[in-house]
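Pasting a structure below so you can have a look.
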Protein chains: 2
Amino acid sequence: MLGSVVEDYLKGIYKLQQEHGRVPTSAVAQRVGVTDASATNMIKRLAELGLARHHPYRGVELTEAGEKVALEVIRHHRLIELYLKEALGYPWDQVDAEAERLEHHISEEFEDRIDAALGHPTVDPHGDPIPSKDGTVDDEYLPRLTDLQPGERAVIRRVSDRDAERLRYLAQLGLYPGVAVYLRERAPFNGPLFVRVGDTEHVLGHDLAATIGVEQRRDAEPAPAER
Amino acid sequence: MLGSVVEDYLKGIYKLQQEHGRVPTSAVAQRVGVTDASATNMIKRLAELGLARHHPYRGVELTEAGEKVALEVIRHHRLIELYLKEALGYPWDQVDAEAERLEHHISEEFEDRIDAALGHPTVDPHGDPIPSKDGTVDDEYLPRLTDLQPGERAVIRRVSDRDAERLRYLAQLGLYPGVAVYLRERAPFNGPLFVRVGDTEHVLGHDLAATIGVEQRRDAEPAPAER
DNA sequence: GGCTCTCTTTAGACGAGACTAAAGCTCGCC
DNA sequence: GGCGAGCTTTAGTCTCGTCTAAAGAGAGCC
């Protein structure tokens, strides 16, 4: 057993690594919520454990082993999130916080049982992919709502889970994975987007829209009623 | 938040206190799985936190506040045990270990939701009472199987959860809460008991039988088919 | 090529909690 | 009433993970 602190670092580094390859110490510190000095310290320990490679003054990378652990933690996290929502009726914006604590304390057995209860799902409530048990994820880049051109249609596939308040707002607007949207117009210079969901139109700030991953649809296709 | 170590001590002390009032340090140490010195140390800290009263060289008692915390932990534990069994199909002998870790990491919200999902239950899979949210338990003493006389009938109400192996054995024999039993005979000098369940008769060692709490039935009454 | 600004690392300390070894109480027994 | 045996407590360390303060690297800019 590794201790939940180590797991949190690994998870944090993994996620940062997704975005920018080698990760600076300060980014890890910020993500995990400790000082830079503490992060340096832990990074050195991770290196000793063979879970990361430390390139002094130039960041960290996970080793194979470290990545494996990170993916296990992420799998736990996302399975738990989905379970909370599906089996216990949690609202969308609360699952992340609860999963955050639980993810470090469940057994293999528990993991297997909720996985089975959910029918071996592949995505969590925010549309994030659930790593498989053997440590593989299909985490390809999705275009954002902001990548669409006016007149284009798409289905929401993924929404960042980093901010509960934002999730509540989006839920209120009916914007979550599986929902079909139509971009009517967009203001220039990263201005707001005018997005239709069914009959209603919403005005979304550019930054908010940029957190929404979508799958583009050909114009002709009727939006499938998923989920 | 108190940290799961403190919670474990409180839970341990509470349970020991049930049996023998003021609890010796060594008993706490043994229960929690640390040395006596460590237990003394922690007991002093609990006293500083106002959760226990330390009577040097003569044991510990919980304060009201300490007891309240202990009961919350126990409530979590037992709700989780039951949930694992009922909702996820865990076998009887595995729920304790899993609950042991989860009990310290669930939120009020989670507690409420599994409580509701289970229909606000009052006993866990071993027949142990689930403390109410406001911190009250109905934990009265039950006679043991060993208190019965030959020819008497009873319904099993409670089985100690302290040993998974024993639980597996009892489950195999069909001896769990809700099951009606009949004591055919008992050997003298704490010898084995001959117990009937339905059509089959089992021979139980005295010590094992002493861990089984029962509710006695008048002879005439047919054994109700509960659970 | 040297300066400076920023980021990173080192050094030293601290709080939790555990451990071992040694010293201190209690209490039963003679 | 005194003496051990057996608990308990104290004393001193250790590890983990964090922090602050201070020293060190790197990189852009002149």
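Scope of the values below: all heavy atoms of this structure, side chains included, with no hydrogens, waters or symmetry mates. Order of the sequence lines fixes the chain letters, A, B, ..., with proteins taken first and strands second; residue numbering starts at 1 for each chain.
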Q) Just wondering, are more than 12 heavy atoms of other shown residues or ligands nearer than 6.0 Å to CD in B/E19? A) yes
(Q) Side-chain N or O of A/R45 versus OP1/OP2 of D/dG17: is the shortest distance under 4.0 Å? (A)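 For D/dG17, OP1/OP2 do have a side-chain N/O of A/R45 under 4.0 Å.
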Q.
Can a side-chain donor-acceptor contact be found between A/D124 and A/H77 if the only test is distance below 3.5 angstrom?
A. no
Q: Looking only at non-hydrogen atoms, find the nearest pair between B/A87 and A/Y83 and report the distance.
A: CB-OH, 4.4 Å
Taking distance alone, no hydrogens or angles, what donor-acceptor pairs closer than 3.5 Å link side-chain atoms of residues 139-150 of chain A to residues at least two apart or in another chain?
unit_1, atom_1, unit_2, atom_2, d
A/D139, OD1, A/R158, NH1, 2.7
A/D139, OD1, A/R158, NH2, 3.2
A/D139, OD2, A/Q18, NE2, 3.2
A/D147, OD2, A/R144, N, 2.8

Q) Between B/H55 (NE2) and C/dG24 (C1'), how many Å, whole number? A) 20 Å
Q: Flag the pair B/D112 and B/K133 as a salt bridge only when some basic side-chain nitrogen lies within less than 4.0 angstrom of an acidic carboxylate oxygen.
A: yes
(Q) Quick check on contacts: within residues 2-14 of chain B, what sits under 4.0 Å from DNA chain D by heavy-atom distance? (A)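 Contacting residues: none.
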Q. Would one find a side-chain N or O of A/T25 under 4.0 angstrom from OP1 or OP2 of C/dT9?
A. yes
Q) Heavy atom of residues 31-40 of chain A under 4.0 Å from DNA chain D: which residues? A) A/V34, A/T35, A/A37, A/S38
Q: Would you mind checking if B/R113 and B/E109 are paired as a salt bridge, meaning a charged N to carboxylate O distance below 4.0 Å?
A: yes
(Q) D/dT8, OP1 or OP2 - any side-chain N/O from B/K44 closer than 4.0 Å? (A) no
Q: Report yes if a side-chain nitrogen or oxygen of A/R58 is closer than 4.0 Å to either non-bridging phosphate oxygen (OP1 or OP2) of D/dA27; otherwise report no.
A: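 Result: yes.
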Q: Among B/D161, B/D96, B/D163, B/D93, find the residue that satisfies the salt bridge (Lys or Arg N to Asp or Glu O under 4.0 Å) test when tested with B/R168.
A: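 Among B/D161, B/D96, B/D163, B/D93, the one that satisfies the salt bridge (Lys or Arg N to Asp or Glu O under 4.0 Å) with B/R168 is B/D93.
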Q | Euclidean distance, atom CG of residue B/L49 to atom P of C/dG15 [Å, nearest integer] | A | 15 Å
**Q.** Spacing between B/Y57 atom OH and D/dC7 atom P, to the nearest angstrom
**A.**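 It is 14 Å, rounded to the nearest whole Å.
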Q.
Could you tell me how far apart A/I43 (CD1) and C/dC7 (P) are, to the nearest whole angstrom?
A. 15 Å
(Q) Between B/H54 and D/dT8, is there a contact of a side-chain N or O with OP1 or OP2 at under 4.0 Å? (A)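 Checking B/H54 against D/dT8: no side-chain N or O falls below 4.0 Å of OP1 or OP2.
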Q. In whole Å, what is the span from the CZ atom of B/R22 to the P atom of C/dT26?
A. 12 Å
Q. Should we count CD of B/Q30 as having more than 12 external heavy atoms under 6.0 Å?
A. no
Q) What is the distance, rounded to the nearest whole Å, between atom CG of B/N41 and atom P of D/dT9? A) 10 Å
**Q.** Spacing between A/M42 atom CE and D/dC19 atom P, to the nearest angstrom
**A.**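 Nearest whole value for this atom pair: 11 Å.
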Q. Under 6.0 Å from the CZ atom of B/R22, do we count more than 12 heavy atoms belonging to anything else shown?
A. yes
